[in-house]
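Everything on this sheet refers to the single structure shown next.
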Amino acid sequence: MTLRAVRPAEFPWFPYEGFTFCLALSEGDSAWSSGHTAAARDEALGKMVVSGTMEEQARIAYRKVLTIIEAAGLGPDDVVHVTENVTLAGLPDYEAAAAVREEVFGTHRPTLSTVVVERLVRSAALLEIEMHAVRGGGTELPAAGGWAASPVREGHDGTVYLPTVVPVDESGDIVSPGDFVGQYAYCLDRADALLRQAGLSLDNAVTTYDYSTPASRGVYRKSHRVRKERLGGAGVYPGAGGILMSRLHHPESMVAIDVTASRHPLEPVNPGWSRYDTLTYSPGVRAGRTLFMSGFAALDMETQEALHPGDLKAQAEETYGAIRHLLSHAGLGPENLLSTVEFCVESALPDYRVVAPVRERLLSPPWPASTGAICKELLRPEFLLEVFPTALYPKDPS
């Protein structure tokens, strides 16, 4: 069984063919959507537009994504994991989006990842939503909630989703104020506690994507010790990525971390890039049929030099070239890409459209489910683009 693009018979918001991403991908009883905002094509203006309050935008975005997964034969009660990218402009009104979410799902509670982003590609958009759904809604695991009080759920292929972990205690107070290392350690320890309640631990982590602020860049390297003490206990470090935003969920938060784990044994996937020998993350981790990957940017894997400063198109070519190289080493191709999450730095946004032709040349149908968001900066100041990819091995025909 292979991945197929989900194509709703009716999708009134915009004509969805001709892009280098699909509305969603499905396989059997599972579906993965791209990120969707409230954007719709205005025929009078001849372009896509976004308008409305946070509540209005959330209603439209949820309606769009549910229309897509319904075309895959699934509904709200089948949703395992929701990611909400909320902009800095939308953050003060985020409770309105939460109210819409509760209305949409009722008593069903998917795992929630909340990513605070600088902005979205369309400047008026306040919220972007992506979903993973499995018939029956996956399995809710016995774990206490996180910042957004959402559960831990297991979805397709033994993948276990945790809610975004932030350095805020049960009383709502910031932990270790002004201490990046202390907050980073708290988030990983909190993730480990959630996993242990579900019968797992950080040894089962396949990715750790962290979000910090530019002010933390000078001390970010100190997270290496924290990670080394807590990760890789089963002999395999997870994939990882790091993105910088102007601020995060709490005004005093210096980091937030999204952790994903798997029930399957972990296998490192590295085409021979020696730079990872001393790092606390792997370029790729295979768990079951899923290939989880670190964030990729325009980096020379031997010299560790940042390539093509100031040239977004060239950086996109290097980034997607590295992803293809890892896929090839794993016995896969771009047609096996399940999803790509692109973070473009704010200063490069005017040139962001140059990435699409690169994707068209280096990726292929059915096109991955894709999400794009704007960050303030990346950990290496020369980087303009970072991509978080995931791929799926085809089922063994036997």
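Computed from heavy atoms alone, side chains included, the values below leave out hydrogens, waters and symmetry copies.
- Residues V345 and L248 share a hydrophobic cluster, clusters being chains of Ile/Leu/Val/Met/Phe/Trp/Tyr side chains in contact below 4.5 Å.
- The local environment of CD in E360 is sparse, with at most 12 non-hydrogen atoms from other residues, nucleotides or ligands closer than 6.0 Å.
- For the pair R153/H81, no side-chain contact is recorded, criterion being any heavy-atom separation below 4.5 Å from C-beta on.
- Note that the OH atom of Y393 and the CG atom of L332 stand 4.5 Å from one another [nearest 0.5 Å].
- Annotation: side chain of E342 is in contact with side chain of R359 (closest heavy-atom distance under 4.5 Å).
- Under the 4.5 Å side-chain heavy-atom criterion for ILVMFWY residues, a single connected hydrophobic cluster contains both L379 and V255.
- No continuous path of hydrophobic side-chain contacts links V285 to V259 [ILVMFWY only; heavy atoms under 4.5 Å].
- Centroid-to-centroid, the aromatic rings of H36 and W13 stay 6.0 Å apart or farther.
- Taking CE from M54 and CZ from R59, the interatomic distance works out to 13.0 Å, rounded to the nearest 0.5 Å.
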> Stepwise, does the salt bridge (Lys or Arg N to Asp or Glu O under 4.0 Å) test hold for R230 with D189?
Replying inline: CA-CA 8 Å; R230 291 164 172 79; D189 290 343; 2.7 Å; yes

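- Under the 4.5 Å side-chain criterion, counting only non-hydrogen atoms from C-beta, Q315 is not in contact with L307.
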>> Does S246 form a side-chain hydrogen bond (donor to acceptor under 3.5 Å, both in side chains) with E118? I'd like the steps, not just the answer.
In response: CA-CA 7 Å; S246 291; E118 205 72 17; 2.4 Å; yes

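- Within the 4.5 Å cutoff, the side chain of Y211 has no heavy atoms near those of the T164 side chain.
- Under the 4.5 Å side-chain criterion, counting only non-hydrogen atoms from C-beta, M254 is not in contact with S212.
- Side-chain contact check for E305 versus E382: every heavy-atom pair is 4.5 Å or farther apart.
- Put simply, CD on Q197 and CG on L200 are 11.5 Å apart, with the number rounded to the nearest 0.5 Å.
- Two rings, from H329 and W273, have their centers 6.0 Å or more apart.
- To the nearest 0.5 Å, the span separating CG on L188 from OG1 on T208 amounts to 7.0 Å.
- Electrostatic pairing of E317 and R324 does not count as a salt bridge here, judged by no charged N lying under 4.0 Å from a carboxylate O.
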> Between R227 and Y184, does a side-chain hydrogen bond (donor to acceptor under 3.5 Å, both in side chains) hold up when you go through it step by step?
Replying inline: CA-CA 9 Å; R227 293 176 60 85; Y184 203 104; 3.1 Å; yes

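- The distance from atom CZ of R109 to atom CZ of R101, rounded to the nearest 0.5 Å, is 10.5 Å.
- Other residues, nucleotides and ligands place no more than 12 heavy atoms under 6.0 Å from the CZ atom of R353.
- Within the 4.5 Å cutoff, no side-chain heavy atoms of E103 are placed close to those of Y62.
- Using modelled atom types and a 3.5 Å distance limit, the side chains of S262 and N204 yield no donor-acceptor pair.
- Minimum heavy-atom separation, G239 to Y281: C-CB, 4.3 Å.
- To the nearest 0.5 Å, the span separating CG on D210 from OH on Y220 amounts to 3.0 Å.
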>> Under the criterion side-chain contact (heavy atoms from CB on, under 4.5 Å), I'd like the reasoning laid out for L88 against V116: C-alpha separation, chi angles, the key distance, then a yes or no.
In response: CA-CA 7 Å; L88 294 181; V116 177; 3.7 Å; yes

